Amino acid sequence: MAFLHTSGGSEKKSVTQPRRALRGWLIGVSVFIVVVLVGLGGLLAYDVVYADRIYKGVAINGVDLAGMTRQQAYDTLQEIEQNLQASGIVFQHEQQSITLQPVIIPTDDPDLAKPILQYDWRRTLDLSQGYGRLSNPFANAVQKLRAASIGISLQPYVEIDETELLKILRERFNEFERPPVDAQLRIVNGQAEVQSEIDGFVFTYESALRQLRDQALEFHFSPISLSLEPRAAQIKKAETGSAVAGLNSVLDIPEITLTFQGRNWRISQATLHDWLAFQRTGEGDVVVGLKPQDLEEFLSLIAQDINVESQDAKFEITNNRVVEFQPSLEGREVDIEATIDLINGMILLGANVGDAPESAQTLELVVAVTPPKVAVGQLNELGIKEKLGEGRSNFAGSPANRRHNIAVGVASLNGILIAPDETFSQLSALGEIEASTGYLPELVIKGDRTIPEYGGGLCQISSTTFR
(Lines give C-alpha, C1' and ligand atoms only; values in the text may rest on other atoms or scores of the structure.)
Protein backbone atom coordinates (compact mmCIF):
# COMPACT_ATOMS: atom_id res chain seq x y z
CA MET A 1 0.00 0.00 0.00
CA ALA A 2 1.41 3.35 -0.96
CA PHE A 3 0.72 6.73 0.65
CA LEU A 4 1.14 10.03 -1.24
CA HIS A 5 1.67 13.21 0.75
CA THR A 6 0.25 16.14 -1.30
CA SER A 7 -1.06 18.57 1.40
CA GLY A 8 1.99 20.86 1.62
CA GLY A 9 0.96 23.22 -1.14
CA SER A 10 -2.62 23.58 0.20
CA GLU A 11 -1.42 24.47 3.69
CA LYS A 12 0.80 27.16 2.31
CA LYS A 13 -2.08 28.62 0.31
CA SER A 14 -4.54 28.55 3.25
CA VAL A 15 -2.11 30.35 5.53
CA THR A 16 -1.25 33.05 3.00
CA GLN A 17 -4.87 34.04 2.16
CA PRO A 18 -5.87 35.12 5.75
CA ARG A 19 -2.68 37.12 6.08
CA ARG A 20 -3.38 38.95 2.86
CA ALA A 21 -6.99 39.63 3.94
CA LEU A 22 -5.82 40.92 7.30
CA ARG A 23 -3.23 43.12 5.64
CA GLY A 24 -5.86 44.57 3.26
CA TRP A 25 -8.27 45.20 6.11
CA LEU A 26 -5.61 46.99 8.14
CA ILE A 27 -4.66 49.12 5.13
CA GLY A 28 -8.32 50.04 4.56
CA VAL A 29 -8.84 50.96 8.20
CA SER A 30 -5.66 53.00 8.19
CA VAL A 31 -6.71 54.86 5.07
CA PHE A 32 -10.16 55.50 6.59
CA ILE A 33 -8.61 56.83 9.80
CA VAL A 34 -6.26 59.04 7.83
CA VAL A 35 -9.16 60.39 5.76
CA VAL A 36 -11.23 61.04 8.90
CA LEU A 37 -8.32 62.74 10.63
CA VAL A 38 -7.56 64.84 7.57
CA GLY A 39 -11.25 65.74 7.31
CA LEU A 40 -11.49 66.61 10.97
CA GLY A 41 -8.29 68.57 10.72
CA GLY A 42 -9.65 70.41 7.71
CA LEU A 43 -12.90 71.21 9.53
CA LEU A 44 -11.00 72.39 12.58
CA ALA A 45 -8.77 74.56 10.43
CA TYR A 46 -11.88 75.86 8.59
CA ASP A 47 -13.51 76.73 11.91
CA VAL A 48 -10.34 78.48 13.08
CA VAL A 49 -10.23 80.62 9.92
CA TYR A 50 -13.95 81.55 10.30
CA ALA A 51 -13.93 81.67 14.11
CA ASP A 52 -15.64 85.06 14.36
CA ARG A 53 -16.71 85.36 10.74
CA ILE A 54 -19.61 84.29 8.58
CA TYR A 55 -18.94 81.03 6.74
CA LYS A 56 -18.11 80.88 3.03
CA GLY A 57 -21.13 80.82 0.72
CA VAL A 58 -23.55 82.49 3.17
CA ALA A 59 -25.45 85.46 1.74
CA ILE A 60 -28.46 87.58 2.66
CA ASN A 61 -30.67 87.72 -0.41
CA GLY A 62 -27.68 87.54 -2.74
CA VAL A 63 -25.48 89.92 -0.74
CA ASP A 64 -22.34 87.89 -0.07
CA LEU A 65 -21.29 88.06 3.59
CA ALA A 66 -18.64 85.33 3.43
CA GLY A 67 -15.66 85.98 5.68
CA MET A 68 -17.15 89.11 7.23
CA THR A 69 -17.25 89.84 10.92
CA ARG A 70 -20.61 90.73 12.42
CA GLN A 71 -19.73 94.44 12.36
CA GLN A 72 -18.59 94.30 8.73
CA ALA A 73 -21.78 92.50 7.73
CA TYR A 74 -23.87 95.04 9.65
CA ASP A 75 -22.13 97.94 7.90
CA THR A 76 -22.77 96.32 4.51
CA LEU A 77 -26.46 95.76 5.21
CA GLN A 78 -26.85 99.19 6.79
CA GLU A 79 -25.49 100.80 3.63
CA ILE A 80 -28.14 98.94 1.60
CA GLU A 81 -30.86 100.21 3.93
CA GLN A 82 -29.58 103.79 3.63
CA ASN A 83 -29.76 103.55 -0.16
CA LEU A 84 -33.32 102.23 0.08
CA GLN A 85 -34.15 105.04 2.49
CA ALA A 86 -32.91 107.55 -0.05
CA SER A 87 -34.91 106.05 -2.93
CA GLY A 88 -38.17 105.85 -0.95
CA ILE A 89 -41.29 103.75 -1.52
CA VAL A 90 -43.52 104.87 -4.39
CA PHE A 91 -47.25 104.09 -4.65
CA GLN A 92 -49.18 105.25 -7.69
CA HIS A 93 -52.58 105.21 -9.36
CA GLU A 94 -53.19 106.82 -12.72
CA GLN A 95 -51.54 110.26 -12.56
CA GLN A 96 -51.20 110.46 -8.78
CA SER A 97 -48.31 109.05 -6.80
CA ILE A 98 -46.77 109.42 -3.37
CA THR A 99 -43.27 108.67 -2.17
CA LEU A 100 -42.85 107.50 1.39
CA GLN A 101 -39.63 107.12 3.31
CA PRO A 102 -39.26 103.79 5.15
CA VAL A 103 -38.98 105.90 8.30
CA ILE A 104 -41.23 108.98 8.47
CA ILE A 105 -39.60 111.66 10.63
CA PRO A 106 -41.86 114.57 11.61
CA THR A 107 -40.12 117.91 11.30
CA ASP A 108 -41.66 119.24 14.52
CA ASP A 109 -40.54 116.35 16.75
CA PRO A 110 -37.91 113.84 15.52
CA ASP A 111 -38.59 111.67 18.58
CA LEU A 112 -42.00 110.79 17.09
CA ALA A 113 -40.48 109.10 14.04
CA LYS A 114 -42.66 106.30 12.67
CA PRO A 115 -40.87 103.41 10.97
CA ILE A 116 -43.13 102.32 8.11
CA LEU A 117 -40.63 99.66 7.09
CA GLN A 118 -37.55 98.60 9.00
CA TYR A 119 -35.07 95.76 8.86
CA ASP A 120 -34.16 93.79 11.94
CA TRP A 121 -30.46 93.43 11.30
CA ARG A 122 -29.78 91.86 14.69
CA ARG A 123 -32.00 88.87 13.95
CA THR A 124 -30.78 88.78 10.35
CA LEU A 125 -27.14 88.64 11.46
CA ASP A 126 -27.98 86.03 14.10
CA LEU A 127 -29.37 83.93 11.24
CA SER A 128 -26.39 84.35 8.93
CA GLN A 129 -23.75 84.05 11.65
CA GLY A 130 -25.51 81.02 13.11
CA TYR A 131 -25.53 79.12 9.81
CA GLY A 132 -23.18 76.17 10.31
CA ARG A 133 -23.06 76.74 14.05
CA LEU A 134 -25.83 74.50 15.29
CA SER A 135 -25.68 72.27 18.36
CA ASN A 136 -25.58 69.15 16.18
CA PRO A 137 -22.04 68.58 14.78
CA PHE A 138 -23.32 66.52 11.83
CA ALA A 139 -25.86 69.19 10.87
CA ASN A 140 -23.12 71.81 11.18
CA ALA A 141 -20.91 69.90 8.75
CA VAL A 142 -23.77 69.52 6.27
CA GLN A 143 -24.59 73.24 6.39
CA LYS A 144 -20.95 74.29 5.99
CA LEU A 145 -20.45 71.90 3.06
CA ARG A 146 -23.65 73.07 1.38
CA ALA A 147 -22.79 76.76 1.79
CA ALA A 148 -19.21 76.29 0.55
CA SER A 149 -20.21 74.16 -2.46
CA ILE A 150 -23.45 75.66 -3.81
CA GLY A 151 -24.03 78.69 -1.56
CA ILE A 152 -26.99 79.61 0.59
CA SER A 153 -29.00 82.84 0.36
CA LEU A 154 -31.03 83.69 3.48
CA GLN A 155 -33.89 86.17 3.74
CA PRO A 156 -33.60 89.28 5.93
CA TYR A 157 -36.06 89.99 8.73
CA VAL A 158 -38.24 92.95 7.79
CA GLU A 159 -41.13 94.55 9.68
CA ILE A 160 -43.87 96.68 8.06
CA ASP A 161 -46.29 98.83 10.03
CA GLU A 162 -49.29 97.87 7.91
CA THR A 163 -51.76 99.84 10.04
CA GLU A 164 -49.90 103.14 9.62
CA LEU A 165 -49.17 102.47 5.95
CA LEU A 166 -52.82 101.68 5.15
CA LYS A 167 -53.87 104.85 6.97
CA ILE A 168 -51.56 106.95 4.77
CA LEU A 169 -52.61 105.23 1.54
CA ARG A 170 -56.31 105.62 2.29
CA GLU A 171 -55.84 109.31 3.08
CA ARG A 172 -54.02 109.96 -0.19
CA PHE A 173 -56.02 107.76 -2.58
CA ASN A 174 -59.55 107.72 -1.13
CA GLU A 175 -60.80 110.12 -3.81
CA PHE A 176 -60.52 107.30 -6.35
CA GLU A 177 -62.53 104.82 -4.27
CA ARG A 178 -66.28 104.43 -4.01
CA PRO A 179 -66.99 102.09 -1.11
CA PRO A 180 -70.20 100.06 -1.44
CA VAL A 181 -73.29 101.27 0.44
CA ASP A 182 -75.73 98.78 1.92
CA ALA A 183 -79.47 99.18 1.56
CA GLN A 184 -80.49 102.03 3.89
CA LEU A 185 -83.47 102.26 6.23
CA ARG A 186 -85.07 105.69 6.59
CA ILE A 187 -88.00 106.62 8.85
CA VAL A 188 -90.04 109.44 7.31
CA ASN A 189 -93.19 110.63 9.14
CA GLY A 190 -93.29 107.38 11.06
CA GLN A 191 -93.12 105.23 7.93
CA ALA A 192 -90.23 103.01 6.83
CA GLU A 193 -88.54 103.66 3.50
CA VAL A 194 -85.80 101.50 2.01
CA GLN A 195 -83.12 102.96 -0.24
CA SER A 196 -81.44 100.58 -2.68
CA GLU A 197 -77.89 99.44 -2.18
CA ILE A 198 -75.01 100.88 -4.23
CA ASP A 199 -72.14 98.66 -5.34
CA GLY A 200 -68.70 100.22 -5.38
CA PHE A 201 -65.01 99.69 -5.99
CA VAL A 202 -62.01 99.87 -3.68
CA PHE A 203 -58.25 99.48 -3.91
CA THR A 204 -56.64 96.10 -3.35
CA TYR A 205 -54.33 97.38 -0.63
CA GLU A 206 -53.47 93.85 0.49
CA SER A 207 -51.88 93.15 -2.90
CA ALA A 208 -49.83 96.37 -2.63
CA LEU A 209 -48.60 95.35 0.82
CA ARG A 210 -47.52 91.95 -0.50
CA GLN A 211 -45.59 93.64 -3.32
CA LEU A 212 -43.89 95.95 -0.84
CA ARG A 213 -42.83 93.04 1.36
CA ASP A 214 -41.45 91.14 -1.65
CA GLN A 215 -39.48 94.20 -2.77
CA ALA A 216 -38.12 94.75 0.74
CA LEU A 217 -36.86 91.17 0.82
CA GLU A 218 -35.20 91.74 -2.57
CA PHE A 219 -33.52 95.00 -1.44
CA HIS A 220 -35.07 96.87 -4.35
CA PHE A 221 -37.98 99.32 -4.43
CA SER A 222 -39.89 100.00 -7.64
CA PRO A 223 -43.21 101.90 -8.05
CA ILE A 224 -46.21 99.91 -6.79
CA SER A 225 -49.44 100.43 -8.72
CA LEU A 226 -52.71 100.39 -6.82
CA SER A 227 -55.56 98.70 -8.67
CA LEU A 228 -59.30 99.04 -8.08
CA GLU A 229 -61.60 96.06 -7.81
CA PRO A 230 -65.42 95.94 -7.67
CA ARG A 231 -66.95 95.48 -4.23
CA ALA A 232 -70.62 94.50 -3.83
CA ALA A 233 -72.85 95.81 -1.05
CA GLN A 234 -73.41 93.33 1.76
CA ILE A 235 -77.13 94.01 2.32
CA LYS A 236 -79.43 94.40 -0.68
CA LYS A 237 -82.91 95.90 -0.80
CA ALA A 238 -84.39 92.64 -2.05
CA GLU A 239 -83.37 90.95 1.23
CA THR A 240 -85.04 93.46 3.58
CA GLY A 241 -88.71 92.56 3.08
CA SER A 242 -89.19 90.42 6.20
CA ALA A 243 -87.24 92.89 8.37
CA VAL A 244 -89.45 95.80 7.28
CA ALA A 245 -92.67 93.77 7.67
CA GLY A 246 -92.24 93.50 11.45
CA LEU A 247 -90.98 97.03 12.01
CA ASN A 248 -94.21 98.71 13.22
CA SER A 249 -93.81 97.50 16.80
CA VAL A 250 -90.30 98.94 16.92
CA LEU A 251 -91.47 102.31 15.59
CA ASP A 252 -94.08 102.43 18.37
CA ILE A 253 -91.46 102.21 21.15
CA PRO A 254 -91.61 105.67 22.82
CA GLU A 255 -88.07 105.48 24.23
CA ILE A 256 -85.52 103.13 25.76
CA THR A 257 -84.32 103.75 29.31
CA LEU A 258 -80.95 102.38 30.42
CA THR A 259 -80.47 102.08 34.17
CA PHE A 260 -77.69 101.39 36.66
CA GLN A 261 -77.91 101.72 40.44
CA GLY A 262 -80.88 104.09 40.32
CA ARG A 263 -79.49 106.31 37.56
CA ASN A 264 -81.24 106.55 34.17
CA TRP A 265 -80.18 107.41 30.61
CA ARG A 266 -82.85 107.75 27.93
CA ILE A 267 -82.79 107.19 24.18
CA SER A 268 -85.68 109.16 22.69
CA GLN A 269 -88.00 107.89 19.98
CA ALA A 270 -86.55 110.33 17.42
CA THR A 271 -83.02 109.11 18.22
CA LEU A 272 -84.17 105.48 17.98
CA HIS A 273 -85.61 106.11 14.52
CA ASP A 274 -82.42 107.84 13.41
CA TRP A 275 -80.26 104.94 14.65
CA LEU A 276 -82.29 102.14 13.03
CA ALA A 277 -80.39 100.21 10.36
CA PHE A 278 -80.35 96.85 8.62
CA GLN A 279 -77.94 94.29 10.04
CA ARG A 280 -76.99 90.76 9.11
CA THR A 281 -77.03 88.08 11.79
CA GLY A 282 -74.53 85.29 12.17
CA GLU A 283 -77.01 82.99 10.46
CA GLY A 284 -77.16 85.29 7.43
CA ASP A 285 -80.61 86.80 8.06
CA VAL A 286 -81.24 90.53 7.55
CA VAL A 287 -82.84 92.17 10.62
CA VAL A 288 -83.35 95.66 12.02
CA GLY A 289 -81.20 96.92 14.88
CA LEU A 290 -79.56 100.09 16.13
CA LYS A 291 -76.34 101.25 14.49
CA PRO A 292 -73.46 99.87 16.61
CA GLN A 293 -71.27 102.94 16.03
CA ASP A 294 -73.94 105.36 17.31
CA LEU A 295 -74.70 103.10 20.26
CA GLU A 296 -71.02 102.76 21.10
CA GLU A 297 -70.55 106.55 21.16
CA PHE A 298 -73.61 106.97 23.37
CA LEU A 299 -72.54 104.21 25.78
CA SER A 300 -68.97 105.52 25.92
CA LEU A 301 -70.28 108.80 27.35
CA ILE A 302 -72.28 106.88 29.96
CA ALA A 303 -69.23 104.78 30.79
CA GLN A 304 -67.30 107.92 31.78
CA ASP A 305 -69.74 108.35 34.69
CA ILE A 306 -69.73 104.68 35.71
CA ASN A 307 -66.29 103.22 35.07
CA VAL A 308 -64.04 103.06 38.12
CA GLU A 309 -60.72 101.25 38.43
CA SER A 310 -60.47 98.75 41.26
CA GLN A 311 -58.39 99.98 44.18
CA ASP A 312 -56.44 97.72 46.50
CA ALA A 313 -56.19 98.43 50.17
CA LYS A 314 -52.87 100.07 51.05
CA PHE A 315 -51.05 100.14 54.36
CA GLU A 316 -48.06 101.41 56.24
CA ILE A 317 -46.11 99.85 59.11
CA THR A 318 -46.31 101.70 62.41
CA ASN A 319 -44.92 100.18 65.63
CA ASN A 320 -44.75 96.76 63.94
CA ARG A 321 -48.47 96.85 63.11
CA VAL A 322 -50.21 97.17 59.74
CA VAL A 323 -52.25 100.36 59.57
CA GLU A 324 -54.66 100.79 56.62
CA PHE A 325 -54.68 104.21 55.03
CA GLN A 326 -56.51 103.53 51.73
CA PRO A 327 -59.67 101.42 51.56
CA SER A 328 -60.24 98.85 48.86
CA LEU A 329 -62.67 99.70 46.07
CA GLU A 330 -64.50 97.54 43.54
CA GLY A 331 -63.78 98.28 39.89
CA ARG A 332 -66.65 98.86 37.44
CA GLU A 333 -66.63 98.95 33.66
CA VAL A 334 -69.57 99.15 31.26
CA ASP A 335 -69.49 96.17 28.90
CA ILE A 336 -70.32 98.16 25.79
CA GLU A 337 -70.41 95.21 23.41
CA ALA A 338 -72.74 93.16 25.65
CA THR A 339 -75.02 96.17 26.22
CA ILE A 340 -75.29 96.76 22.46
CA ASP A 341 -76.27 93.10 21.99
CA LEU A 342 -78.87 93.49 24.76
CA ILE A 343 -80.45 96.61 23.22
CA ASN A 344 -80.48 95.15 19.71
CA GLY A 345 -81.96 91.97 21.13
CA MET A 346 -84.84 94.02 22.58
CA ILE A 347 -85.33 95.80 19.23
CA LEU A 348 -85.43 92.44 17.46
CA LEU A 349 -87.86 91.10 20.08
CA GLY A 350 -90.25 93.97 19.41
CA ALA A 351 -90.05 93.38 15.68
CA ASN A 352 -90.77 89.67 16.05
CA VAL A 353 -93.62 89.53 18.57
CA GLY A 354 -95.59 92.69 17.84
CA ASP A 355 -96.09 95.12 20.72
CA ALA A 356 -92.95 95.16 22.84
CA PRO A 357 -93.77 94.60 26.53
CA GLU A 358 -93.38 97.61 28.80
CA SER A 359 -90.53 95.92 30.70
CA ALA A 360 -88.57 95.52 27.48
CA GLN A 361 -88.27 99.32 27.18
CA THR A 362 -86.17 99.55 30.35
CA LEU A 363 -82.82 97.78 30.28
CA GLU A 364 -80.14 97.37 32.91
CA LEU A 365 -76.68 98.29 31.65
CA VAL A 366 -74.25 95.38 31.52
CA VAL A 367 -71.47 96.35 33.94
CA ALA A 368 -68.49 94.14 34.73
CA VAL A 369 -67.34 94.31 38.37
CA THR A 370 -63.70 93.69 39.27
CA PRO A 371 -63.04 92.98 42.95
CA PRO A 372 -59.83 94.38 44.44
CA LYS A 373 -56.91 92.00 44.76
CA VAL A 374 -56.46 93.01 48.38
CA ALA A 375 -59.50 94.05 50.42
CA VAL A 376 -59.39 95.89 53.74
CA GLY A 377 -60.28 92.71 55.60
CA GLN A 378 -57.20 90.94 54.22
CA LEU A 379 -54.65 93.39 55.56
CA ASN A 380 -54.15 91.49 58.80
CA GLU A 381 -53.85 88.18 56.93
CA LEU A 382 -50.78 89.09 54.89
CA GLY A 383 -48.29 87.98 57.51
CA ILE A 384 -46.17 91.13 57.26
CA LYS A 385 -43.82 91.27 60.25
CA GLU A 386 -40.83 93.47 59.49
CA LYS A 387 -39.04 95.69 57.03
CA LEU A 388 -36.64 93.69 54.87
CA GLY A 389 -34.62 96.51 53.35
CA GLU A 390 -34.55 100.07 52.08
CA GLY A 391 -32.87 102.28 49.51
CA ARG A 392 -31.95 105.89 50.11
CA SER A 393 -30.80 108.71 47.82
CA ASN A 394 -30.48 112.46 48.23
CA PHE A 395 -31.99 114.99 45.84
CA ALA A 396 -31.30 118.09 47.91
CA GLY A 397 -30.24 120.95 45.69
CA SER A 398 -32.25 119.72 42.69
CA PRO A 399 -34.41 122.25 40.82
CA ALA A 400 -37.86 122.90 42.25
CA ASN A 401 -39.70 121.09 39.43
CA ARG A 402 -37.48 118.03 39.83
CA ARG A 403 -38.16 117.87 43.57
CA HIS A 404 -41.87 118.28 42.90
CA ASN A 405 -41.91 115.42 40.35
CA ILE A 406 -40.07 113.08 42.71
CA ALA A 407 -42.58 113.85 45.47
CA VAL A 408 -45.54 113.15 43.15
CA GLY A 409 -43.99 109.90 41.95
CA VAL A 410 -43.18 108.67 45.46
CA ALA A 411 -46.72 109.44 46.60
CA SER A 412 -48.17 107.31 43.80
CA LEU A 413 -45.90 104.36 44.69
CA ASN A 414 -46.17 104.53 48.47
CA GLY A 415 -48.04 101.59 49.97
CA ILE A 416 -48.41 99.47 46.81
CA LEU A 417 -48.89 95.74 47.47
CA ILE A 418 -46.96 93.20 45.41
CA ALA A 419 -48.38 89.68 45.66
CA PRO A 420 -46.16 86.57 45.78
CA ASP A 421 -44.83 85.72 42.27
CA GLU A 422 -46.32 88.94 40.87
CA THR A 423 -44.23 90.98 38.42
CA PHE A 424 -43.91 94.60 39.51
CA SER A 425 -43.67 97.32 36.84
CA GLN A 426 -42.74 100.71 38.23
CA LEU A 427 -43.73 102.39 34.98
CA SER A 428 -47.23 100.88 35.18
CA ALA A 429 -47.48 101.76 38.85
CA LEU A 430 -46.60 105.41 38.17
CA GLY A 431 -49.35 105.62 35.53
CA GLU A 432 -49.68 108.53 33.13
CA ILE A 433 -46.88 111.05 33.47
CA GLU A 434 -48.34 114.35 32.32
CA ALA A 435 -49.64 117.68 33.53
CA SER A 436 -53.09 116.26 34.38
CA THR A 437 -51.53 113.84 36.88
CA GLY A 438 -49.60 116.58 38.69
CA TYR A 439 -46.19 116.50 37.00
CA LEU A 440 -44.17 119.54 35.92
CA PRO A 441 -41.71 119.96 33.01
CA GLU A 442 -38.08 119.33 33.92
CA LEU A 443 -34.92 118.60 31.94
CA VAL A 444 -34.31 115.02 30.80
CA ILE A 445 -31.61 113.41 28.65
CA LYS A 446 -33.13 112.11 25.40
CA GLY A 447 -30.71 110.74 22.85
CA ASP A 448 -28.03 113.37 22.48
CA ARG A 449 -30.23 116.21 23.68
CA THR A 450 -31.32 117.65 27.01
CA ILE A 451 -34.93 118.78 26.79
CA PRO A 452 -37.77 119.56 29.25
CA GLU A 453 -40.42 116.86 29.68
CA TYR A 454 -43.15 116.21 32.21
CA GLY A 455 -41.85 114.01 35.01
CA GLY A 456 -38.19 114.92 34.73
CA GLY A 457 -36.40 113.48 37.79
CA LEU A 458 -38.39 110.24 38.10
CA CYS A 459 -35.30 108.26 37.10
CA GLN A 460 -33.99 108.86 40.63
CA ILE A 461 -37.00 106.96 42.02
CA SER A 462 -36.13 104.02 39.72
CA SER A 463 -32.48 103.93 40.80
CA THR A 464 -33.42 104.23 44.47
CA THR A 465 -36.00 101.44 44.15
CA PHE A 466 -33.35 99.26 42.49
CA ARG A 467 -31.07 99.76 45.50
Side-chain angles (χ1 to χ4, degrees), residues 163 256-267 275 289-318 321-346 359-384 388 404-440 454-455 458 461-462 465:
T163 301
I256 294 177
T257 301
L258 304 176
T259 68
F260 179 73
Q261 293 185 352
R263 302 175 65 185
N264 298 324
W265 296 268
R266 290 178 173 82
I267 305 175
W275 287 358
L290 299 184
K291 298 174 184 176
Q293 182 176 353
D294 291 330
L295 267 179
E296 184 174 347
E297 292 177 0
F298 179 71
L299 293 173
S300 295
L301 293 175
I302 296 175
Q304 293 178 9
D305 294 332
I306 295 177
N307 291 358
V308 176
E309 289 188 10
S310 64
Q311 179 175 280
D312 291 341
K314 293 186 179 181
F315 60 90
E316 61 184 7
I317 299 175
T318 302
R321 293 181 62 86
V322 176
V323 179
E324 179 243 328
F325 66 87
Q326 175 176 289
S328 56
L329 185 66
E330 272 189 341
R332 296 194 309 261
E333 183 176 4
V334 176
D335 190 330
I336 293 178
E337 184 176 349
T339 302
I340 290 176
D341 290 341
L342 183 66
I343 296 173
N344 275 332
M346 187 275 289
S359 60
Q361 299 173 22
T362 300
L363 297 174
E364 183 81 13
L365 287 166
V366 182
V367 178
V369 176
T370 305
K373 294 179 181 178
V374 180
V376 175
Q378 295 176 285
L379 287 177
N380 292 326
E381 302 171 4
L382 295 176
I384 298 175
L388 298 179
H404 171 86
N405 290 337
I406 291 175
V408 173
V410 167
S412 66
L413 295 176
N414 188 36
I416 284 179
L417 289 171
I418 305 173
D421 299 325
E422 180 184 358
T423 300
F424 171 72
S425 167
Q426 184 159 294
L427 187 60
S428 298
L430 285 170
E432 295 293 332
I433 302 172
E434 54 191 15
S436 62
T437 54
Y439 290 98
L440 298 176
Y454 286 105
L458 290 179
I461 296 180
S462 299
T465 304

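This one's a predicted model, so the numbers in the text were calculated from it and none came from an experiment. Side chains are part of it too, since the values below use all heavy atoms of this structure and drop only hydrogens, waters and symmetry mates.
- In E364, the CD atom is crowded: over 12 heavy atoms of neighbouring residues, nucleotides or ligands sit closer than 6.0 Å.
- Remark: R263 CZ to I302 CD1 distance equals 9.5 Å, nearest 0.5 Å.
- Nearest heavy atom pair, residue P371 against residue E330, reads CA-CG, 4.4 Å.
- Among all heavy-atom pairs drawn from V408 and T437, the shortest one is CG1-O, 3.9 Å.
- A 6.0 Å sphere centred on CD of E309 holds no more than 12 heavy atoms belonging to other residues, nucleotides or ligands.
- No donor-acceptor distance shorter than 3.5 angstrom exists from the side chain of D335 to the backbone of V367, with no hydrogens or angles considered.
- Between G455 and I433 the shortest heavy-atom distance is CA-CG2, 3.7 Å.
- Of the possible polar contacts, none joining the N405 side chain to the Y454 backbone as a donor-acceptor pair under 3.5 Å is found.
- A distance of 12.0 Å separates OG of S412 from CD of E432, quoted to the nearest 0.5 Å.
- Rounding to the nearest 0.5 angstrom, the gap separating the CG atom in L365 from the CG atom in L342 is 9.0 Å.
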Exercise answer: donor-acceptor pairs, residues 415-431 side-chain atoms, under 3.5 Å, sequence neighbours excluded:
| unit_1 | atom_1 | unit_2 | atom_2 | d |
| --- | --- | --- | --- | --- |
| E422 | OE1 | A419 | N | 2.7 |
| S425 | OG | S428 | N | 3.1 |
| S425 | OG | S428 | OG | 3.1 |
| Q426 | OE1 | T465 | OG1 | 3.0 |
| Q426 | NE2 | S462 | OG | 2.9 |

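- The closest side-chain heavy-atom distance from L363 to T257 is not below 4.5 Å.
- For E337, the CD atom sits in a loose shell: 12 or fewer heavy atoms of surrounding residues, nucleotides or ligands are nearer than 6.0 Å.
- You'll find the side chain of M346 reaches within 4.5 Å of the side chain of I256, heavy atoms only.
- The side chain to side chain contact (heavy atoms under 4.5 Å, CB included) test with V334 is passed by exactly one of L258, T339, D305: T339.
- In this structure, the separation between CD1 on I406 and NE2 on H404 is 11.0 Å, given to the nearest 0.5 Å.
- Contact record, S300 with I336: OG-CD1, 3.6 Å, taken as the closest heavy-atom pair.
- Within 6.0 Å of OH in Y439 there are more than 12 heavy atoms belonging to other residues, nucleotides or ligands.
- Residues L329 and D312 are not in side-chain contact: their nearest non-hydrogen atoms beyond the backbone lie 4.5 Å or more apart.
- Within the model, atoms CD of Q293 and CH2 of W275 stand 11.0 Å from one another, a figure rounded to the nearest 0.5 Å.
- Formation of a donor-acceptor pair under 3.5 Å by the R332 side chain with backbone atoms of I306 is found in this model.
- Checked against the 6.0 Å centroid criterion, the rings of F260 and W265 do not qualify as a close aromatic pair.
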